[in-house]
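Worksheet: the structure to be examined is printed underneath.
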Amino acid sequence: MKALCWHGKGDIRCDNVPEPTIEDGRDVIIKMTACAICGSDLHLMDGYIPFMEKGDILGHEFMGEVVEVGRDNKKLKVGDRVVVPFTICCGECQQCLKGNWSVCERTNRNADNATKAFGYPTAGLFGYSHLTGAYAGGQAEYVRVPYADVSPIVIPNGMSDEQALFLGDIFPTGWMAAANCEIEPSDIVAIWGCGPVGQFCIKSALMQGAARVIAIDNVPERLALAQQAGAEIINFDDEDATIPDRIKEMTGGHGADKCIDAVGAESHATASFDAVIDKVKAATLLGTDRPHALRAAIMACRPGGIVSVPGVYGGFLDKIPFGAAMNKGLTIRTGQTHVNRYSLDLLRRIEEGEIDPSFIITHRAKLEDGPALYETFRDKKDNCIKVVLTP
């Protein structure tokens, strides 16, 4: 079968690889009908996430049709259309029973790597390195889904792949980021990053009742989409003042009650001194992540506020203003998304027409075009916000 594989930093190829087979009675095999390139995949492409190996199959946003079912799987049957959450969950450990799906205690087959990096293992993830279990990803014609009697979401007839696909990652990610803010009706929410997750953060914050949303980015097409969704926008390339000062100006000195960092490890801010230092350190292997957006969110947040971090970080962060966080009494909430905590509610909202997640898609192509589109997505070319691939 065809699959998009990692061959080194900046080197993604469409390879011919063996088709997957059932390995456990709870498995299913799906024939992929739609998959997407996620911003988190770009962290792999750019070398920010360790423990990648040549030939690893990428992709953690995918859905498809069940074509084979393990003998112990009573949830799914051949012919079911399913969205597969990016987190692999056993459904039986203490964390799963608490609904903390992204920190399942059993599914990471490389728990030692994760323990060295994080102190404890987290859940296995599809297509996301030997740090998170070395599971083959969904940017492939066929995918083995382990523990498939737990996480997959059965999609009703009449709902298109493009409407359903993002239930596996970025829609719940944006929703959880907003939910972590405990939004109140008077809240002003500032969101760094208007990429795919940022767009769902904007939609989710407004759906959860925020009074105002301010979105920060420098890509005109992304800012336009944010504005169309109802956000006020800041293009950080056009600002002489700092972003926290600009937010105060826009809000009559009130500032942001809640802040969301939807950027993560690869902040592209270039005008500020700290962002330049981050880039130099990362290029010379003296640092791992570039946390400019996180610093700005902490500084911009009003005393007593919440900073929510759906943006992915992989290593150690430098010069974080923790004194500001402590003295202002901020709450910081983070985490990979507990997809199944939100998926059925969000599926209902799609069915009822409250939101159509396909608004995010700008590029559609075949799987074999994936390597070129990785480059397009990374460089934000051609109005690229979200890429969807089909077999």
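- Put simply, L42 and V387 are part of the same group of oily side chains (I, L, V, M, F, W, Y) that touch within less than 4.5 Å, one to the next.
- Looking at W6 and I12, their side chains come closer than 4.5 Å, going by heavy atoms from C-beta outward.
- Side chain of Q199 to main chain of R222: a donor-acceptor pair is present (N/O by atom type, distance under 3.5 Å, no hydrogens or angles).
- With values rounded to the nearest 0.5 angstrom, D112 atom CG is found 11.5 Å from L131 atom CG.
- In this view, D217 satisfies the salt bridge (Lys or Arg N to Asp or Glu O under 4.0 Å) rule with no residue, not counting sequence neighbours.
- Annotation: the span from I188 atom CD1 to C301 atom SG amounts to 11.5 Å, rounded to 0.5 Å.
- Cluster annotation: I191 is not connected to M250 through the hydrophobic network of ILVMFWY side chains, with a link wherever side-chain heavy atoms come within less than 4.5 Å.
- Put simply, the side chain of I170 reaches to within 4.5 Å of the side chain of K386, judged on heavy atoms.
- Rounding to the nearest 0.5 Å places NE2 of H363 at 5.0 Å from CG of D382.
- Looking only at distances, a side-chain donor or acceptor of Q139 sits under 3.5 Å from a matching main-chain atom of A36.
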#### Entry: ring pair (Phe, Tyr, Trp, His ring centres under 6.0 Å) assessment of Y135 paired with F86
CA-CA 11 Å; Y135 289 95; F86 72 98; over 10 Å; no

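- Between the side chain of Q336 and the backbone N or O of V103 there is no donor-acceptor pair closer than 3.5 Å.
- With sequence neighbours excluded, no residue satisfies side-chain hydrogen bond (donor to acceptor under 3.5 Å, both in side chains) with T331.
- Tracing side-chain contacts under 4.5 Å through hydrophobic residues (I, L, V, M, F, W, Y), one never reaches L389 starting from M1; they form parts of separate clusters.
- Within a 6.0 Å radius of NZ in K75, more than 12 heavy atoms belonging to other residues, nucleotides or ligands are found.
- Remark: K248 NZ is loosely packed, at most 12 non-hydrogen atoms of other residues, nucleotides or ligands lying under 6.0 Å away.
- Within the 3.5 Å criterion, the main-chain N or O of G264 finds a donor-acceptor partner in the side chain of D261.
- A distance of 4.5 Å separates CZ in F171 from CG in L346, rounded to the nearest 0.5 Å.
- Residue M207 places its CE atom among more than 12 non-hydrogen atoms of other residues, nucleotides or ligands, all under 6.0 Å distant.
- N100 is listed as a side-chain neighbour of R341, based on a closest heavy-atom distance under 4.5 Å.
- Between the NZ atom in K258 and the CD atom in E184 there is a gap of 5.0 Å [rounded to 0.5 Å].
- You'll find the side chain of P310 reaches within 4.5 Å of the side chain of I260, heavy atoms only.
- In terms of heavy atoms, I183 sits closest to G209 at CG2-C, 3.9 Å.
- Taking the side-chain contact (heavy atoms from CB on, under 4.5 Å) definition, one finds that L206 meets it with I202, V213, sequence neighbours left out.
- Here the closest heavy-atom approach between residue N218 and residue D237 is recorded as ND2-OD2, 3.0 Å.
- Judged as a side-chain hydrogen bond (donor to acceptor under 3.5 Å, both in side chains), and not counting sequence neighbours, the contacts of D56 are H130.
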#### Entry: Residues E351, R348; criterion salt bridge (charged side-chain N to carboxylate O under 4.0 Å, His left out); working and verdict
CA-CA 5 Å; E351 286 186 285; R348 175 187 60 80; over 6 Å; no

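- N110 places no side-chain N or O within 3.5 Å of a backbone atom of N113 that could act as its donor or acceptor partner.
- C5 approaches D15 most closely through the heavy-atom pair CB-OD2, 3.4 Å.
- With sequence neighbours left out, I320 forms a side-chain contact (heavy atoms from CB on, under 4.5 Å) with P291, L294, R295, I298, L317.
- V17 and L58 are members of different hydrophobic clusters when ILVMFWY side chains are connected at heavy-atom separations under 4.5 Å.
- Shown here for T33 and G64, the closest heavy-atom pair between the two residues is OG1-CA, 3.4 Å.
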#### Entry: Chi angles and distances behind the salt bridge (charged side-chain N to carboxylate O under 4.0 Å, His left out) call for D72, R26
CA-CA 5 Å; D72 300 320; R26 298 172 70 180; over 6 Å; no

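- Judged by distance alone, the side chain of Q208 and the main-chain N or O of W175 form a donor-acceptor pair under 3.5 Å.
- Every residue two or more places apart in sequence or in another chain that forms a side-chain contact (heavy atoms from CB on, under 4.5 Å) with N180 is listed here: M176, S308, R333.
- The two residues A365 and L373 come nearest to each other via the heavy atoms CB-CD1, 3.4 Å.
- Taking the side chain as every heavy atom from C-beta outward, Q95 and C104 never approach each other to under 4.5 Å.
- Two residues are said to be in side-chain contact when any heavy atoms from C-beta on lie closer than 4.5 Å; R106 and C96 fail this criterion.
- Within the structure, ring pair (Phe, Tyr, Trp, His ring centres under 6.0 Å) contacts touching residues 141-169 (residues at least two apart or in different chains) do not occur.
- Under the side chain to side chain donor-acceptor pair (under 3.5 Å) test applied with H60, the options T132, T87, D169 reduce to a single match, D169.
- The hydrophobic cluster around L223 extends to I233, counting ILVMFWY residues whose side-chain heavy atoms fall within less than 4.5 Å of a member.
- Contacts of R212 classified as salt bridge (Lys or Arg N to Asp or Glu O under 4.0 Å), with partners at least two apart in sequence or in another chain: E232.
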List the atom pairs, with distances to 0.1 Å, where a side-chain N or O of residues 120-128 and a protein N or O form a donor-acceptor pair under 3.5 Å, not counting sequence neighbours.
unit_1	atom_1	unit_2	atom_2	d
Y128	OH	S40	O	2.7

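- Remark: K203 pairs with no residue by the salt bridge (Lys or Arg N to Asp or Glu O under 4.0 Å) rule, at least two apart or across chains.
- A distance-only check finds a donor-acceptor pair linking the side chain of T362 to the backbone of I385 [under 3.5 Å].
- Residues I153 and P85 are in side-chain contact: their nearest non-hydrogen atoms beyond the backbone lie under 4.5 Å apart.
- Within 6.0 Å of atom CG in D345, more than 12 heavy atoms from other residues, nucleotides or ligands are found, so the atom counts as buried in its surroundings.
- Judged as a side-chain hydrogen bond (donor to acceptor under 3.5 Å, both in side chains), and not counting sequence neighbours, Q94 has no contacts.
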### Task
May I have the step-by-step check of salt bridge (charged side-chain N to carboxylate O under 4.0 Å, His left out) for R81 and D161, ending in yes or no?
CA-CA 9 Å; R81 293 173 64 228; D161 282 4; 2.7 Å; yes

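- Put simply, the side chain of D187 never gets that close to the backbone of V189: no donor and acceptor are under 3.5 Å apart.
- Side chains of F236 and I243 form a contact here, defined as non-hydrogen atoms less than 4.5 Å apart.
- Clustering ILVMFWY residues whenever any of their side-chain heavy atoms sit less than 4.5 angstrom apart, transitively, puts I214 in a cluster other than the one holding I306.
- With rounding to the nearest 0.5 angstrom, the CG atom of D41 is 13.0 Å from the CZ atom of R378.
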### Task
Could you go through the side-chain contact (heavy atoms from CB on, under 4.5 Å) check for I355 and I350 one step at a time?
CA-CA 5 Å; I355 185 172; I350 298 170; 4.2 Å; yes

